[in-house]
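Just so we're clear, the structure is a prediction, and the values are computed from it rather than from any experiment.
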Amino acid sequence: MRRDSGCSTMAEQQKQEEKLWDALKITAYVLGTGLLIFTALANSVSWYAQNIWDMLGHFCQTTWLQFYYLCEGKERTIFLLGAALVPSLAFWCFNGILMVADVTGKPTFITRYRIQLGKNDPVDTKKLRQAIYVALCNQFFISLPMLAPMFYVMKWWGNTFSKELPTFRWFLVELSVFTLIEEILFYYTHRLVHLPLLYKHIHKKHHEWTAPIGVVSIYAHPVEHILSNTLPVMTGPMIMGSHIVSIAAWFSLALITTSISHCGYHLPFLPSPEFHDFHHLKFNQCYGVLGVLDYLHGTDTTFRQTKAYERHRVLLSLTPLSESIPEAPKRAE
């Protein structure tokens with residue numbers, strides 16, 4: 001009896017070992033097959049991606065060389081067009097669309113995303129004309145002259161007007177550095193102009209708009225335009241010795257993103273303007289661009305307790321966040 005039970009136990013153990021071995025073989029087969037398929041797909045995708053990358057790089061390089069030779073390699077002309085004309089066109093084209101919506105209330109696919117309901121509906125045209133005038137003055141009489149010393153800094157680096165474009169990967173590295181430098185410089189200069197004496201004589205002009213619109217992004221006192229609007233954006237490329245194409249792209253991107261932050265509309269698939277819009281509404285919150293330094297310094301604590309903070313995200317649907325996350329009804333006095 002004991003011998004029979006011992007045999008049966010060994011037989012069961014053997015069966016379990018066989019099952020385990022079969023399971024291991026199946027697992028190895030599945031994983032191996034999956035790994036081979038994944039490797040094949042990855043190689044195919046990476047091959048196509050590399051081809052697209054090479055084609056795009058070739059197109060950009062060819063286009064840049066055509067432009068370079070069109071300007072006959074004149075560095076001042078290239079710098080003026082890249083650092084001044086291209087960003088200005090980006091700024092005014094984008095804000096031109098927004099101003100149509102601000103003045104006419106149409107098209108509704110823009111105005112229905114208004115953040116501060118009932119404000120600038122329509123915008124005061126007299127205030128708008130004043131904002132446009134100040135913005136143009138800041139661009140022509142402050143930003144443009146500030147490009148002169150920047151030109152000589154970039155010329156000293158020796159890379160700005162190279163016939164060979166930087167790689168897209170390097171541009172992404174530069175973009176990260178530019179953004180970090182802008183966040184640091186803008187946050188602290190912005191807090192500086194909020195000191196009572198400076199606020200009264202300098203920054204108060206910008207805060208005339210408690211419900212801002214896009215063009216108000218550069219509606220500022222000349223001193224503020226130098227300290228907070230221009231230097232934080234210019235400093236990154238000067239430190240990195242960037243190519244003029246990178247500078248043109250960065251300046252354009254910076255002007256469009258600050259326009260979005262001030263536009264007063266939380267539009268689908270664009271960065272959220274709730275953070276800076278709340279700053280214009282409350283004055284003593286949300287000083288930065290990214291919000292990192294506000295978090296570290298505790299200058300966003302009130303903002304984090306509001307519905308605006310819940311709405312502070314990229315809108316990935318067509319339903320306005322003012323409808324899906326409305327403000328709490330005010331209590332009756």
Take atom OH in Tyr68; do more than 12 heavy atoms of anything else shown fall under 6.0 Å from it?
->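 Yes - once you tally the heavy atoms of other residues, nucleotides and ligands closer than 6.0 Å, there are more than 12.
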NZ of Lys205: more than 12 outside heavy atoms within 6.0 angstrom?
->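 For Lys205, atom NZ is crowded (more than 12 foreign heavy atoms under 6.0 Å).
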Could you label the plane-to-plane angle of the His190 and His203 rings as parallel, tilted or perpendicular, counting under 30° as parallel and over 60° as perpendicular?
->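 His190 and His203: perpendicular rings.
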Report the relative orientation of the aromatic rings in His207 and Tyr199; use parallel for angles under 30°, tilted for 30 to 60°, perpendicular for over 60°.
->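 Tilted: the ring planes of His207 and Tyr199 meet at 30° to 60°.
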Cation over ring, Lys127 on Trp209, under 6.0 Å and within 45°?
->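 Positive - Lys127 is close enough to the ring of Trp209 and near enough to its axis.
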Checking Arg114 against Tyr265: charged group under 6.0 Å from the ring centre and within 45 degrees of the axis?
->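 Ring-cation test returns no.
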Can [X] and [Y] be counted as having a side-chain donor-acceptor contact under 3.5 angstrom?
| X | Y | answer |
| --- | --- | --- |
| Tyr133 | Arg129 | no |
| Trp250 | Glu182 | no |
| Tyr187 | Thr299 | yes |

Carefully, step by step, assess Glu174 and Ser242 under the rule side chain to side chain contact (heavy atoms under 4.5 Å, CB included).
-> CA-CA 8 Å; Glu174 288 187 309; Ser242 301; 2.7 Å; yes
Going by the side-chain contact (heavy atoms from CB on, under 4.5 Å) test, name the single residue among Asn138, Leu231, Thr189 that passes it with Ile226.
->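 Single pass found, and it is Leu231.
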Taking the ring of [Y] and the ring of [X], is the distance between their centroids below 6.0 Å?
| X | Y | answer |
| --- | --- | --- |
| Trp156 | Tyr152 | no |
| Phe303 | His312 | yes |
| His225 | His221 | no |
| Trp170 | His243 | no |
| His206 | His279 | no |

Okay, side chain of Ser259, backbone of Asn95: is any donor-acceptor separation there less than 3.5 Å?
->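 Not confirmed, Ser259 side chain does not pair with Asn95 backbone.
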Side chain proximity check, Tyr287 to Leu192, heavy atoms < 4.5 angstrom |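 SC-SC contact between Tyr287 and Leu192 ruled out.
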Would you say the side chain of His262 lies within less than 4.5 Å of the side chain of Tyr219, judging by non-hydrogen atoms?
->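 Heavy-atom side-chain distance check fails, nothing below 4.5 Å.
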Please lay out, stage by stage, how Phe275 and Val289 fare under the test side chain to side chain contact (heavy atoms under 4.5 Å, CB included).
-> CA-CA 8 Å; Phe275 189 77; Val289 179; over 6 Å; no
Residues Arg311, Glu327: salt bridge by 4.0 Å N-O rule =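 Here Arg311 pairs with Glu327 in a salt bridge, since their nearest N and O are under 4.0 Å apart.
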